Protein chains: 2
Amino acid sequence: MGIANLAFDRKSCGSCPIRHRAVCARCNDEELAELETMKTYRSYEAGQPVAWAGDPLEFVASVVVGVATLSQTMEDGRTQMVGLLLPSDFLGRPGRDRVAFDVTAVTDLTLCCFRRKPFEEFMARTPHVSQRLLEMTLDELDAAREWMLILGRKTAREKIASMISIIARREAAMQKKAATDGFGFELPLTREAMANYLGLTLETVSRQISALRRDGVIALEGNRRVHIPSFEALLHETGDDSDGGMPA
Amino acid sequence: MGIANLAFDRKSCGSCPIRHRAVCARCNDEELAELETMKTYRSYEAGQPVAWAGDPLEFVASVVVGVATLSQTMEDGRTQMVGLLLPSDFLGRPGRDRVAFDVTAVTDLTLCCFRRKPFEEFMARTPHVSQRLLEMTLDELDAAREWMLILGRKTAREKIASMISIIARREAAMQKKAATDGFGFELPLTREAMANYLGLTLETVSRQISALRRDGVIALEGNRRVHIPSFEALLHETGDDSDGGMPA
DNA sequence: CGATATTTTGATCACCGTCAAAAACCGTGG
DNA sequence: CCACGGTTTTTGACGGTGATCAAAATATCG
């Protein structure tokens, strides 16, 4: 399995696909030039670990291409995903030198890594970077809190519908399309990863996806590709406020 | 039911009980003086709402005394708590004028409120404040992620044990004691609020608390006061790593 | 095409939710 | 101090949702 070939210039931040959404979104040319001195790209194959909880991590990073997960595992093997990192999301925590959670590449993954110390110093004297990181962290906290409602209170069917709707919206946003009826996209997760995302078993995930397909809420092309005939119908299945209003 | 009498000088930040832990922790005297021009205290009785999801909120605030919750409610009444705000925790989000979640005082509560606009301007030109807020937000995100493991993967008994251990630790930290064997404290939540915290019903909460009492893991004095004869035994019941090591 | 991983489907069971009622607790006032 | 009403908590009986164990079917990749 090969590593995705990257269609951007690794030297210059100007051509970076996440240039205007990542932690460096508001940097000027001079600041980018400084960042370029401390950055390196790293790539991981789908399924490979990036770091284990408790490991020292000598870098922080932005996801450039691909999808990574944060997860926790209990002694007896029960696993819960606690974060889903898509392109432009930030990995690592300034001021802490160890990872708190297991980090795994679930698709082929490219990270733009900054050496920790220089980056922290850069942040300290570049307030708009830490302000941008604050914004991103607050967004992640809001997302985590929506996720908590899903984990704590929704039925298996509602969980699946919610996950599909969340991924569809993010996917549409990434392509700068609206998530209109008929929208189709690829699920970046295996059934097992979905189960770990939703606090279910993979069997239950499979059953509920089949049920939603039987009921015409979604259509499948192969195992990974999903079409949404009617977003309204899908939203109805999530159990959320009917008027399409996003809770957060 | 009366509002708690406050044993601190409402004018001067110097005597504030959360002075060195809140968002203003690293402010100097001059900065505090400026904050004092934009702050007001507000008090709420136990059980009263502070704000509803979607409401415009003209202030951000620090919790000074008491406990508040953030929660989401579905159309059919299912409720999930998604945040527990203790003294020094921050409420509200700079750059957003509406609350994303229902905010409720669960004990008598005192907030130190800052008018939004002046506070945002203050933050923009005082980098260490937004850096402090970033730190606090990252801590909250870590806590939310531990909470997600509890919601998604733990059994009812493990959930109760985890909640008791979390509250015990925070309570001990607040009193600057270690959480030693025999430690006793007050649960600031009703059984129903605990159920909303843990994604359970209040009946299940009650049954599991009774079971832990029967098994000698906890001792109760009345309904709210808890004693922990052995922290190791309690930790064992949480399902977390046995070696007392905190997961995050 | 064959080997391995992933997904689906089936049968059974346990945990926790639901509905219902009793008990304990709490503040108020006689 | 005790009687009273309302709230909170406990306990009980039962059923359903999702977990578990098992095996078949499908997809993926060498």
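All figures in this text were calculated on a predicted structure; none of them were measured in a lab. In what follows, chains are A, B, ... by sequence order, proteins preceding strands, each numbered from 1.
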Chemist: Would you call A:E237 and A:K159 a salt bridge, using N to O less than 4.0 angstrom?
Modeler: no
Chemist: Ignoring hydrogens and angles, state whether a donor on the side chain of B:S165 or B:S162 is under 3.5 Å from an acceptor on the partner side chain.
Modeler: no
Chemist: Nearest whole Å is fine: how far is C:dA24 C1' from B:E221 CD?
Modeler: 16 Å
Chemist: Calculate the interatomic distance between A:R78 atom CZ and D:dA19 atom P; express it in whole Å.
Modeler: 12 Å
Chemist: Check the distance between C:dT18's P and B:E192's CD and give it to me in whole angstrom.
Modeler: 13 Å
Chemist: Out of C:dT7, D:dT11, D:dG18, which has the shortest distance to the side chain of A:N223?
Modeler: C:dT7
Chemist: Just the rounded figure in Å: distance from P of D:dA27 to CG of A:L187.
Modeler: 16 Å
Chemist: Side chain of A:E203, heavy atoms from C-beta onward: which of C:dT9, D:dT9, D:dA19 has the nearest atom to it?
Modeler: C:dT9
Chemist: What does B:S210 touch in the nucleic acid at a heavy-atom separation under 4.0 angstrom: a base, only the sugar-phosphate, or nothing?
Modeler: sugar-phosphate
Chemist: Closer to the 5' end of DNA chain D via nearest nucleotide, is it A:R224 or B:R191?
Modeler: B:R191
Chemist: Grab the CG-P distance between A:L200 and C:dC16 for me, whole Å please.
Modeler: 15 Å
Chemist: Which nucleotide wins on minimum distance to the side chain of A:T204, given the candidates D:dA19, C:dT8, C:dT18?
Modeler: D:dA19
Chemist: For a quick test of reading the model, state the closest non-hydrogen atom pair linking B:N196 to B:Q80 and the distance between them.
Modeler: O-NE2, 2.8 Å
Chemist: Answer with base, sugar-phosphate or nothing: what part of the nucleic acid does A:I209 contact at a heavy-atom distance below 4.0 Å?
Modeler: nothing
Chemist: Whole-Å distance between D:dC21 C1' and A:L202 CG?
Modeler: 12 Å
Chemist: Look at all strands and tell whether A:T190 reaches a base, only sugar-phosphate, or nothing, counting heavy atoms closer than 4.0 Å.
Modeler: sugar-phosphate
Chemist: If you look at every strand shown and take non-hydrogen atoms under 4.0 Å, does A:G47 touch a base, only sugar-phosphate, or nothing?
Modeler: nothing
Chemist: So if I take the C1' atoms of five pairs at each end of the helix from C:dC1-D:dG30 to C:dG30-D:dC1 and get each local axis, what angle do the two axes make, rounded to 10 degrees?
Modeler: 40°
Chemist: When the nearest nucleotide of DNA chain C is assigned to A:L220 and to A:R153 on a heavy-atom basis, which residue is associated with the more 5' position?
Modeler: A:L220
Chemist: Taking only side-chain N and O atoms of A:T201, does any of them lie within less than 4.0 angstrom of OP1 or OP2 on D:dT20?
Modeler: no
Chemist: Return all side-chain donor-acceptor pairs below 3.5 angstrom for residues 208-221 of chain B, not counting sequence neighbours, or 'none' if the list is empty.
Modeler:
unit_1: B:S210; atom_1: OG; unit_2: B:S206; atom_2: O; d: 3.1
unit_1: B:D215; atom_1: OD2; unit_2: B:R157; atom_2: NH2; d: 2.2
unit_1: B:E221; atom_1: OE2; unit_2: B:H227; atom_2: NE2; d: 3.0

Chemist: Can you tell me the distance, in whole Å, between the CG atom of B:L198 and the P atom of C:dC15?
Modeler: 18 Å
Chemist: Pairing donors with acceptors under 3.5 angstrom, does anything connect the side chains of A:T79 and A:S71?
Modeler: no
Chemist: Per the atom types in the model, does the base of D:dG12 pair as donor or acceptor with the side chain of B:R207 at under 3.5 Å?
Modeler: yes
Chemist: To the nearest Å, how far apart are A:E45 CD and D:dC29 P?
Modeler: 12 Å
Chemist: Less than 4.5 Å apart, any side-chain heavy atom of A:L70 and any of A:D102?
Modeler: no
Chemist: Walk me through it: do B:W147 and B:Y197 pass the test ring-ring contact (aromatic ring centres under 6.0 Å, His included)?
Modeler: CA-CA 9 Å; B:W147 199 342; B:Y197 183 104; 4.4 Å; yes
Chemist: Any ion pair linking A:R153 and B:D76 (charged N to carboxylate O, less than 4.0 Å)?
Modeler: no
